[in-house]
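Presented below is the structure to which this report refers.
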Amino acid sequence: MDESYQEYINRVARLTLPSACALQLQGIQQSPKFVDGKPVSFPGYSVITPPAAEDESNHNFYQQVETLQKQLADGLGKDFFIPLPSTSFHFTLADLVWDESYRQLVQENPNFDRELRQQVAASVDEYQTEADNEPIAWQLWGVITRPRAIMACLVPKDQRSYESVIKLRRSLYQNSGLVGLGIEQQYDLTAHITLGYFDSIPNSLNRDRLCIVMSQINDRLVESQLPEFTIKQAQLRKFEDMVEYNREENWAVVKFG
């Protein structure tokens, strides 16, 4: 389901164009993941890089991402844009299950959590035996809008870095044990770090001005050396909302290098 390396590069490059920004801003909506600026229950599992608070190797990178977030918050207004805590920043390599789907699966199968963790561990073991175990690197490309959020999107530094992530995703989504639990791939990969979510959308929202703010940020990034993000681990994490991502010591972890 995921694209080739070149198809991915071409698609993500288009997402940061001013014309794409203008189109994206037409369909934005208030996020149901926050009420009055505070996170609400939204449980599930993902395979992610360690959150920024635990990822010392990318400290400088996350400082630059936090600067982008501040520029957005200043330009968009905090009543409209809900910035995420910078400590929670991460790159999601594979979404597994979330919100109502997760609640329903747990209700139907009291052993769901344990079985999911076992199957993810099996996928990771299979992947790790075939991986070259070298660190992989992605780069910050620009900011993009999604229907309910603004994200910093990433591009792979090279084809090997892209293929490493795609192979991991395949090992998860093509695992018959996970499929049997109700886990399926629902999205192509758009590598990103979520910066914040939209609160209520005012009728007076000036979308042209917002597009200018985002385009100026993207122009500055393209003119500079793209910040680099090194992936050394991918971990199975459970979340209760869009701020806290937790794991136990024995849960599955992929090591790159």
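As the structure is a computational prediction, the values presented were derived from the model and not from experiment.
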- Message: Hydrophobic cluster membership, with links at side-chain heavy-atom distances under 4.5 Å among I/L/V/M/F/W/Y: are V253 and I136 in one?
- Response: no

> Distance-only, no hydrogens or angles: does the R14 side chain make a donor-acceptor pair with backbone N or O of S19 under 3.5 Å?
Replying inline: no

> So, S101 and D99: side-chain donor and acceptor under 3.5 Å apart, yes or no?
Replying inline: no

E100 side chain to Q104 side chain, donor-acceptor N/O pair below 3.5 angstrom = no

Return yes if some donor-acceptor pair links the side-chain N/O of Q69 with the main-chain N/O of L84 below 3.5 Å, else return no.
yes

Is the number of heavy atoms from other residues, nucleotides or ligands under 6.0 Å of Q107 CD greater than 12? no

Do Y162 and I144 share a hydrophobic cluster (ILVMFWY, side-chain heavy atoms under 4.5 Å, transitive)? no

Applied to residues 166-184, the side chain to side chain donor-acceptor pair (under 3.5 Å) test, sequence neighbours excluded, yields D2-R169, Q119-N175, S123-N175

So is K33 actually on top of F42's ring, under 6.0 Å and inside 45° of the axis?
-> yes

Can you confirm whether the side chains of T92 and H90 place a donor and an acceptor under 3.5 Å from each other?
yes

Verdict with reasoning, F89 to L195, per side-chain contact (heavy atoms from CB on, under 4.5 Å):
CA-CA 8 Å; F89 288 164; L195 302 177; 4.2 Å; yes

ask   = Would you say the side-chain atoms of Q64 and N60 include a donor-acceptor pair closer than 3.5 Å?
value = no

* **Exam field: side chain S215 to backbone P18, donor-acceptor pair closer than 3.5 Å** => no

| request: Tell me whether V165 is reachable from L15 by hopping between hydrophobic residues (I, L, V, M, F, W, Y) whose side-chain heavy atoms are closer than 4.5 Å. | output: no

To the nearest 0.5 Å, atom CD of Q118 lies from atom CH2 of W251 at 12.5 Å

Exercise for review: Determine whether the side chains of R11 and T190 contain a donor N or O and an acceptor N or O closer than 3.5 Å.
Suggested key: yes

Do I212 and L76 belong together in a cluster built from hydrophobic side chains that touch within less than 4.5 Å? no

Taking Y8 for the side chain and A191 for the main chain, is one N or O donor matched with an acceptor at less than 3.5 Å? yes

Examine F34 together with F198 and report whether their ring centres are nearer than 6.0 Å. no

Which is it for K38 and D241 under the side-chain contact (heavy atoms from CB on, under 4.5 Å) test, yes or no, and what are the steps along the way?
-> CA-CA 10 Å; K38 297 180 180 179; D241 55 39; over 6 Å; no

- When clusters are formed by joining ILVMFWY residues with side-chain heavy atoms under 4.5 Å apart, either directly or through shared neighbours, do F80 and L68 land in the same one? yes

* **Donor + acceptor pair across side chains of D158, S161 (<3.5 Å)** => yes

- prompt: When you check the side-chain N and O atoms of D113 and Y45, is any donor under 3.5 Å from an acceptor?
  reply: yes

Please check if the number of heavy atoms outside D36 that lie under 6.0 Å from its CG is greater than 12. no

Exactly one of F229, F61, F91 clears ring-ring contact (aromatic ring centres under 6.0 Å, His included) with W138, and that residue is F91

Quiz item: Counting only heavy atoms not in Q225, do more than 12 fall under 6.0 Å of its CD?
Solution: no

